[in-house]
Amino acid sequence: MILVCFGTRPEIVKVAPVIQEMQRRKLPFKLVFTGQHRELYEDVRSLIPDPDFHLDIMKDNQSPNDILSGIISKMDLILREEKPKLVVVQGDTSTVLAASLAAFNNRVKIGHIEAGLRTYDLESPFPEEANRQLVSRIAYFNWAPTQRAADALASEGVSNIFLTGNTVIDTCRGFDFEISYGNEVIITLHRRENFGERMESHFRQINSLAEAHPELKFVFPMHPNPNVQSLRHLLTHVDVRAPFTYPEMVQMLSRARFA
């Protein structure tokens, strides 16, 4: 049996085609949702079957260590009970690192989707760059989305590298929005390493650009994180909105001038 673990909206979007392929091949699997993106789960839940396990670990303003410890302790119980042959994770979130460590310590093989992405700057993205480098050391299957990612893994002495392509492309193929170039500029900004003064500076620059280019419509679907929301008052010339559903975001990107 294969255990597929995910916790954020991007993970669900990118792991969905893999789950669909496992269904097509009639491979036995179960799904674990950690709840790392509790608020952003609903609009992508239709892409996957209902999870078999919901860890519900998310609390307001918790640290990466809070997330790691919560997932590892609950995953340990699931792994001991279910005894999977393989744990599949996607990307570089705290969910990915925690599930991988729990699997490794239970001597369960790990398959890593989107392996090999690198900046080689442990501060950016934080903590994602460290997460993905650490998982590469213990993963049994390393599924690289690009040749560059595969080369990075090879240069690090990682084994079992498979060039697969990016699964987000498979998900996007499920939509059929016309590609056009309107007057919208789509903005997202929410990574942890940008919190504080850096994010405030970015917001002020974005607002200045929007004020200088009234012919363009700057649209900012703002992440619910309070560290981001607390600065929305700086965006006086930007159309700040609630987060889009995934289909809405794909549709907006298909018609944006810049993103």
Side-chain angles (χ1 to χ4, degrees), residues 1-34 36-37 44 47-49 84-104 107-122 124-177 179 188 191 246 249-250 253-254 259:
M1 189 268 291
I2 301 169
L3 205 60
V4 184
C5 303
F6 47 86
T8 68
R9 180 164 67 172
E11 287 172 90
I12 294 171
V13 169
K14 294 180 180 181
V15 81
V18 178
I19 294 171
Q20 292 163 11
E21 182 64 18
M22 289 195 294
Q23 288 176 314
R24 189 184 70 81
R25 298 190 184 195
K26 294 181 169 49
L27 297 176
F29 68 88
K30 290 187 177 181
L31 305 181
V32 179
F33 177 51
T34 67
Q36 189 175 335
H37 271 187
V44 291
L47 296 175
I48 59 172
K85 299 295 184 183
L86 179 70
V87 168
V88 173
V89 294
Q90 191 285 321
D92 51 22
T93 66
S94 295
T95 286
V96 171
L97 178 60
S100 297
L101 286 172
F104 179 76
R107 296 187 178 276
V108 178
K109 291 182 172 64
I110 302 156
H112 186 198
I113 302 167
E114 203 177 63
L117 302 189
R118 296 288 187 270
T119 65
Y120 294 108
D121 177 0
L122 292 178
S124 181
F126 180 87
E128 287 85 357
E129 177 65 17
N131 291 346
R132 58 200 183 196
Q133 289 197 35
L134 290 166
V135 172
S136 293
R137 297 298 181 271
I138 58 176
Y140 185 81
F141 297 113
N142 291 278
W143 296 310
T146 65
Q147 187 61 56
R148 181 175 180 178
D151 291 343
L153 291 166
S155 71
E156 296 168 12
V158 173
S159 59
N160 291 339
I161 303 167
F162 301 88
L163 182 59
T164 62
N166 196 323
T167 55
V168 76
I169 303 301
D170 298 290
T171 299
C172 286
R173 284 173 176 162
F175 301 95
D176 189 24
F177 297 125
I179 304 298
T188 61
R191 283 192 175 275
Y246 184 68
M249 189 63 172
V250 174
L253 289 171
S254 71

Here the gap from L122 atom CG to N131 atom CG, rounded to the nearest 0.5 Å, amounts to 10.5 Å
Correct closest heavy-atom pair for T119 and S124 would be OG1-O, 2.7 Å
Just by distance, do the side chain of S254 and the backbone of I179 share a donor-acceptor pair under 3.5 Å?
no
message: Given 3.5 Å as the limit, does a donor-acceptor pair link the side chain of E128 with the main chain of D92, or not?
response: no
Checklist entry - Counting distance only, does the side-chain N/O of N166 pair as donor-acceptor with the main-chain N or O of E114 below 3.5 Å? => result no
V87 vs V108 side-chain heavy atoms within contact, under 4.5 Å: yes
For G7 and F33, the nearest pair of non-hydrogen atoms, with its separation, is O-CE1, 3.4 Å
### Task
Salt-bridge test for D170 and R173: reply yes if a basic N is under 4.0 Å from a carboxylate O, no otherwise.
yes
Q. Is any side-chain heavy atom of I12 closer than 4.5 Å to a side-chain heavy atom of Y246?
A. no
With I19 as partner, the option from V88, L27, L31, I2 fulfilling side chain to side chain contact (heavy atoms under 4.5 Å, CB included) is L31
Would you check, one step at a time, whether the test side-chain hydrogen bond (donor to acceptor under 3.5 Å, both in side chains) holds for T93 with E11? CA-CA 9 Å; T93 66; E11 287 172 90; 3.2 Å; yes
Next on the checklist: I'd like to know if the side chain of R132 and the backbone of L117 have a donor-acceptor N/O pair within less than 3.5 Å.
Outcome noted: yes
Check: Does T34 reach the side chain of C5, with side-chain heavy atoms less than 4.5 Å apart?
Finding: no
Is a side-chain N or O of Q90 found less than 3.5 angstrom from the main chain of K14, in a donor-acceptor match?
no
Side chains of K85 and K109: closer than 4.5 Å at any heavy-atom pair? no
Can you check whether V15 reaches L47 side chain to side chain, under 4.5 Å on heavy atoms? no
In short, R118 meets S136 closest at the heavy-atom pair NH2-OG, 2.9 Å
Got a donor-acceptor contact below 3.5 angstrom from the T167 side chain to the P17 backbone? no
Item to complete: Would you mind reporting whether I48 and Q20 have side-chain heavy atoms less than 4.5 Å apart?
Response: no
- Side chain of H112, backbone of G91: donor and acceptor closer than 3.5 Å? yes
